[in-house]
Amino acid sequence: MRQENVKRTTGTLSKAEADQFAAMIDAEISTLETLPSKPTRSCPSASDGQDRIYRFTSRAKRAEVSNCDVNLAGGNALLERTDQLIKGLR
């Protein structure tokens, strides 16, 4: 996997934020299975380099979703909260 132009974000969540997010992951991780598949496997990196991969681990499960495989647009609370937290770290 090519990793040119990879953007890394670093920062620290407060304990309260981390605890709330961990609880949300435990509660919402199964919702990732219901994201609609894309009709064709096409990654944005083929055009603009904006691939997004989310990896989550809960107490009982692991999940990974990518905008190469599923439609990530709107409606999933766990992905939306993840994006909010990442934006807050910058």
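Basis for what follows: all heavy atoms, side chains included, without hydrogens, waters or symmetry-related copies.
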Using the rule given for side chain to side chain contact (heavy atoms under 4.5 Å, CB included), can you reason through Thr82 versus Leu78, listing the C-alpha separation, both sets of side-chain angles and the distance that settles it, and then say yes or no?
CA-CA 6 Å; Thr82 301; Leu78 179 56; 4.2 Å; yes

Kindly indicate whether the side chain of Leu79, heavy atoms from C-beta on, has any atom under 4.5 Å from the side chain of Thr31.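 Of all side-chain heavy-atom pairs linking Thr31 with Leu79, none is under 4.5 Å.
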
*Does a side-chain heavy-atom distance below 4.5 Å link Leu85 with Leu13?*
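Touching, per the 4.5 Å side-chain cut-off.
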
What distance separates [X] [atom1] from [Y] [atom2], expressed to the nearest 0.5 Å?
X	Y	atom1	atom2	value
Ser58	Met24	OG	CE	13.5 Å
Ile53	Asn67	CD1	CG	8.0 Å
Ile25	Arg81	CD1	CZ	11.0 Å
Lys61	Phe56	NZ	CZ	13.0 Å

task = Could you tell me whether a side-chain N or O of Glu17 sits under 3.5 Å from a main-chain N or O of Ser14, the two making a donor and an acceptor?
result =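 Side chain of Glu17 to backbone of Ser14, a donor-acceptor pair under 3.5 Å: yes, one is there.
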
Problem set entry | Side-chain donor/acceptor of Asp26 to backbone N/O of Arg59, under 3.5 Å |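 The answer is yes, because a donor-acceptor pair under 3.5 Å joins these two groups.
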
| field | Electrostatic pair Asp19:Lys15 at N-O distance under 4.0 angstrom | value |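 Yes, this pair counts.
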
- Under-4.0 Å salt bridge between Asp83 and Arg52: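 Looking at Asp83 and Arg52, the cut-off is met.
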
| query | Using a distance-only test with no angle check, is there a side-chain donor-acceptor pair under 3.5 angstrom linking Tyr54 and Asn76? | reply |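 Judged by distance alone, the side chains do not pair up.
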
